[in-house]
Amino acid sequence: MKRRGRMIFFLLSAAAFAGVYLWGLRGLPAVGHYRGPYGDVLNRVATYERHVTDIVTAVNFDYRGFDTLGEEFILFMSVIGGSVLLRRQREEEKSEHRDDNLADESPERQAPEPSDATRVLTLALVGPLVVFGLYIVAHGQLTPGGGFQGGVILATAPLLVYLAGDLKKFKQITSHTLVEVGEAVGAGGYLAIGLAGLILGGSYLRNVAALGTTGTINSGGTIALISLATGLEVAAGFVLLLYAFLEQTLEIQLRGEK
Amino acid sequence: MSLLAALPVVIPLSIAAILAALNKFISRRCSEILSILATIATGCICGELLLQSRMQPVINWFGGWTPRAGVALGISFVIDPIGAGAAAFTSLLVLAALVFSLHYFETVGTLFHVLMLGFLGAMCGFALTGDLFNLFVFFELMSASGFALCGYKVEEPESMQGALNFAITNTVGAFLVLSGIGLLYGRTGALNMAQIGRTLGGSPDGLVITAFVFIMAGFFIKAAVIPFHFWLADAHAVAPTPVCVLFSGIMVELGLYAVARIYWVIFDGPFTTHRWALRELLLAVGTITAVAGAVMCFAQRHIKRLLAFSTISHVGLLTIGFGLLKAGALAGVALYVMGHGMVKAALFLVAGILLHRYGGVDELELHGRARELRATSIIFLLGGLGLAAMPGFATFVGESAIMDTARSMGQGWLRAIFFFSAALTAGAVLRVWGRVFRGMGKGKQAQAAGAKNIREERETKGAGHNIPAVMFAPAATLVLLAIAIGLAPGVQRAARTATLLMQDRTAYQARVLENAWIPVVSAGQEHAPMGTELAWSFAATAAALGLAWLSLSRYWPGKNALTRPLAGAVYRLRAIHSGHIGDYVAFLTFGVAAYGVLLAFLIELR
Amino acid sequence: MSFFPYVVAAWLFVIGLYGMVTSRNFVHLVICLAVLQSSTYVLLLSIGYRVGGTAPIFAGVPVGTPAVDPVVQALMLTDIVVEATVVALLLALVLQLQKHADTLDPDKLKALEG
């Protein structure tokens with residue numbers, strides 16, 4: 001279709017679509033008057049049953065843990081998919097060695113050197129970020145946090161190294177094989193904890209670890225363990241994605257310069 | 001609770017994780033064997049669950065969270081014969097695809113198998129779950145693996161475009177579904193299908209209708225019903241053959257399964273007195289899909305795209321079957337899905353063999369070249385006859401069940417739609433058979449090229465003179481299975497028992513929320529297909545053969561005064577399929593709006 | 001005011017669709033898809049909100065204080081991860097498209113017509 005025709009066709013359809021959507025939205029209770037039973041029941045019982053204070057994490061990793069398992073594998077498959085889609089083709093493999101050697105020599109090939117201010121700030125933040133990420137992962141069952149949030153924070157640490165240096169430095173600190181294995185171990189770990197629930201408790205993903213004391217790090221049973229596995233998987237997954245994208249971007253840069 | 005219930009999802013995903021961890025350390029052969037073993041194990045477990053669920057649906061609450069006072073706290077798998085059957089069928093097709101790809105793919109070692117296993121696990125979870133948001137999560141998992149598998153051939157820009165069209169439209173669909181789920185959650189405060197169905201009572205108001213339209217439209221995008229079907233042809237034209245097998249064989253049908261499941265458990269309560277409105281909408285939509293798909297199919301020359309459009313046409317027929325909203329027709333749909341899936345998978349595998357041997361899938365370029373492939377030619381011929389629902393195939397059993405119900409409701413005119421679709425789609429496949437495998441027809445036909453710029457590059461190493469057994473065996477097995485099911489006694493009755501179970505809303509809710517034990521009602525004695533049905537099917541097959549022969553002979557009418565308007569209409573229909581993502585999204589918006597407005601109108605009117 | 005967040009959700013959905021239909025650049029299109037996805041966040045969170053409710057975190061707060069719905073927040077976490085990963089996959093596809101077709105304009109891709 002021509003652009004104008006498409007736009008008119010769309011605008012008319014969108015008006016009707018918006019009309020239908022708003023007509024449906026009218027049937028919802030007013031904002032601020034949540035009535036449903038699901039959230040209220042969980043708010044009342046979760047702390048007592050699982051000794052956690054962060055109900056959202058309890059929902060994520062225990063009550064609806066199977067959903068989160070699926071979601072973790074969505075991340076896993078997307079990272080694998082990203083690696084597959086961004087894989088180096090044969091011709092790029094051949095030029096890899098050549099470019100790595102020349103990269104140091106030719107001044108035009110290099111990305112602009114980051115300024116000293118950037119270097120200092122980013123490198124200074126790497127350490128605190130890693131600690132903060134680990135803190136968030138570990139305290140998911142007490143305060144807002146958990147595997148996903150903490151994992152993403154952890155994944156930004158190598159990214160800061162990339163910003164401070166270049167792709168070579170990034171590759172030096174992240175061993176591709178190790179990160180791949182780490183991601184798979186994280187995903188597999190979640191599955192394994194669920195299996196433990198099946199074997200020891202009769203139901204997949206049953207919380208079979210010691211529940212500990214409310215308000216301390218040692219609480220929640222398998223919730224804490226799953227949180228750790230998830231943190232590992234998410235961090236490794238995002239590092240792998242960054243790796244694949246950065247390599248391909250460099251390819252495009254080099255290809256453009258030829 | 002059954003110990004097996006979680007395994008159809010856990011096994012494929014575990015092996016996928018293991019293969020990903022050992023990616024750099026194990027050989028390709030090892031990962032191939034592991035993934036095939038995992039698929040066989042999953043299939044066996046699904047089969048076992050199918051047997052167990054015939055007594056009583058298997059209900060598994062994850063984490064041990066059983067419902068309290070009718071409020072579901074956790075996520076449940078509710079495994080009934082239809083769901084377990086779908087999961088088992090998925091395993092069968094994935095097995096066929098994996099065996100076929102033993103001789104495939106030069107790069108990327110084990111990651112292909114990781115994606116395939118993820119795809120398998122997602123589809124099994126999708127078919128077995130009883131929780132709406134869990135359904136969405138598995139839908140997305142299926143999509144993520146699917147997008148990557150579709151775009152596997154990264155060197156071809158058409159491949160990227162096809163994969164992007166697929167990914168973008170399906171993601172919009174997923175978020176439509178999520179919006180619908182949000183609306184339902186706002187009204188009922190629950191995510192469990194049984195609980196929502198129970199809470200949603202009375203007559204449908206704006207929210208219920210909109211939620212249903214959004215969820216239905218979102219899943220119809222996956223199922224490639226008009227006007228959401230555009231992505232299917234693009235994706236099939238560029239995806240690797242084993243992936244096409246899965247897309248056409250079971251993935252799009254699962255979209256329809258989701259709508260059926262959600263309708264019967266959740267929405268049938270409010271919609272009971274308005275079933276006729278939904279029926280009218282679905283029959284209309286199904287008819288348009290079947291007809292347009294069939295016409296587009298006949299006009300293609302790229303074999304994979306031709307098969308893709310035939311899938312769209314048959315999905316239209318399935319929508320008609322579901323749209324009748326009766327157990328008998330739904331049983332027919334289940335059997336048709338199996339028959340069609342097997343036959344279509346076999347046809348795609350043969351296309352993959354042609355690609356391997358001759359380096360192309362263009363019908364005109366392959367003219368006469370496959371004369372030497374005797375056995376493969378027979379498989380392709382049988383596949384074409386199966387598409388026409390010739391008696392003897394599972395597709396015929398399904399179709400006759402649908403038509404039985406239709407006739408008993410006074411909708412006998414639907415026979416003409418089935419006839420049209422069979423004649424054109426099977427006619428197109430038989431035309432391809434005649435031209436490629438028998439060398440019939442003039443080299444240059446008066447046939448506009450479709451998607452002529454797709455360079456179909458070889459997917460495999462080396463074009464040996466022998467077709468490797470691993471490429472031939474899956475196709476042959478699937479076709480023979482389709483015939484076996486078509487001839488086996490008692491399948492129709494078993495299917496009807498299963499769909500009666502699926503439609504029993506109150507029993508489902510009681511079983512899930514109160515763990516009630518309610519005996520399963522067996523369907524009545526099945527009767528042999530009526531003479532008229534046999535006659536119609538043979539006539540459709542004959543029409544397909546005749547059409548194929550006619551289009552290859554010199555009697556095929558060229559451009560004259562009679563055919564020009566017809567050719568013009570077909571030309572305009574093809575022009576709409578532009579490959580442009582903006583067009584697709586515009587049609588998507590139009591489709592959702594149209595469904596919503598039409599359904600609201602029909603329901604509010606009376 | 002108590003209906004306005006829902007209107008925002010509907011608006012985001014429609015404006016995301018508009019951006020996708022009129023887009024001239026695939027990267028822009030993917031970001032419009034992300035905008036469309038945010039509409040579901042707004043919808044879910046508005047549904048779960050309770051006036052005067054605290055966060056569903058009971059560290060230092062006694063169990064039983066009125067709190068907002070934790071389930072939608074958990075759903076949203078899942079939703080965000082799904083969005084991020086889908087966008088990543090799409091951008092990977094776009095990147096390869098740029099590399100091999102040298103264009104990012106949907107109008108210029110003619111291979112899949114008919």
Side-chain angles (χ1 to χ4, degrees), chain A residues 3 6-7 10-11 14 17-18 21-22 25-26 28-34 36 38-40 42-44 46-48 53-60 63-64 67-68 70-72 74-75 77-79 81-82 85-86 142-144 146 148-149 215 234 237 241 244-245 248-249 251-252 255, chain C residues 1-7 9-11 13-15 17-18 20-22 24 43 45-53 55-61 63-82 84-89 91-93 95-96 98-99 107:
Chain A
R3 282 192 72 85
R6 184 189 312 145
M7 177 116 91
F10 170 74
L11 285 173
F17 173 84
Y21 200 175
L22 287 171
L25 284 170
R26 262 186 9 173
L28 282 175
V31 176
H33 297 276
Y34 171 69
Y38 204 176
D40 291 330
L42 287 180
N43 271 335
R44 258 182 285 127
T47 309
Y48 171 67
T53 50
D54 179 1
I55 315 296
V56 179
T57 309
V59 172
N60 246 334
Y63 290 92
R64 297 191 70 88
D67 261 351
T68 315
E71 169 205 349
E72 187 166 310
I74 293 176
L75 177 60
M77 287 300 153
S78 298
V79 170
L85 291 173
L86 294 171
L142 300 174
T143 48
F148 287 101
Q149 298 91 319
V234 170
L241 266 182
F245 269 99
Q248 276 298 322
T249 321
E251 269 310 314
I252 292 186
R255 193 182 268 224
Chain C
M1 266 308 130
S2 58
F3 190 67
F4 191 59
Y6 297 146
V7 177
W11 167 254
F13 204 100
V14 173
I15 202 71
L17 285 174
Y18 172 78
M20 287 166 66
V21 170
T22 57
R24 277 214 167 89
L43 178 67
L45 288 178
S46 322
I47 288 174
Y49 182 62
R50 175 172 276 146
V51 174
I57 316 285
F58 296 113
V61 169
V63 176
T65 5
V68 302
D69 180 19
V71 175
V72 282
Q73 300 192 5
L75 297 185
M76 232 198 84
L77 271 175
T78 309
D79 199 2
I80 293 178
V81 171
V82 165
T85 54
V86 166
V87 166
L89 265 180
L91 287 176
L93 286 169
L95 210 156
Q96 291 287 27
Q98 160 68 17
K99 242 173 67 179
D107 289 334

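Lettering of chains follows the sequences in order, A, B, ..., and the numbering in each one begins at 1. Atoms considered below: every heavy atom in the structure, side chains included; atoms not considered: hydrogens, waters and symmetry mates. Note that the structure is a prediction, hence the values are computed from the model and not measured.
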For the student: nearest non-hydrogen atoms of C:Thr85 and A:Leu75, plus distance: CG2-CD1, 3.2 Å
Over all atoms of both residues, closest heavy-atom pair of A:Asn43 and C:Phe58: O-CE1, 3.6 Å
[X] versus chain A, heavy atoms under 4.5 Å apart: side chain, backbone, both or neither?
X	result
C:Val63	side chain
C:Asp79	neither
C:Val68	backbone
C:Tyr18	both
C:Leu91	both

Chain C contacts, top residue of A:Asp40, A:Val234, A:Leu42, A:Asp67 (heavy-atom pairs, under 4.5 Å): A:Asp40
Among A:Gly146, A:Gly39, A:Ala18, A:Ser78, residue most engaged with chain C (heavy-atom pairs, under 4.5 Å): A:Ser78
A:Arg3 side chain vs C:Thr22 backbone, donor-acceptor pair below 3.5 Å: yes
[X] portion near chain C, given a 4.5 angstrom heavy-atom threshold:
X	value
A:Thr68	neither
A:Glu72	neither
A:Leu142	backbone
A:Leu241	side chain

Close side-chain approach of C:Leu77 and A:Gln149, heavy atoms under 4.5 Å: yes
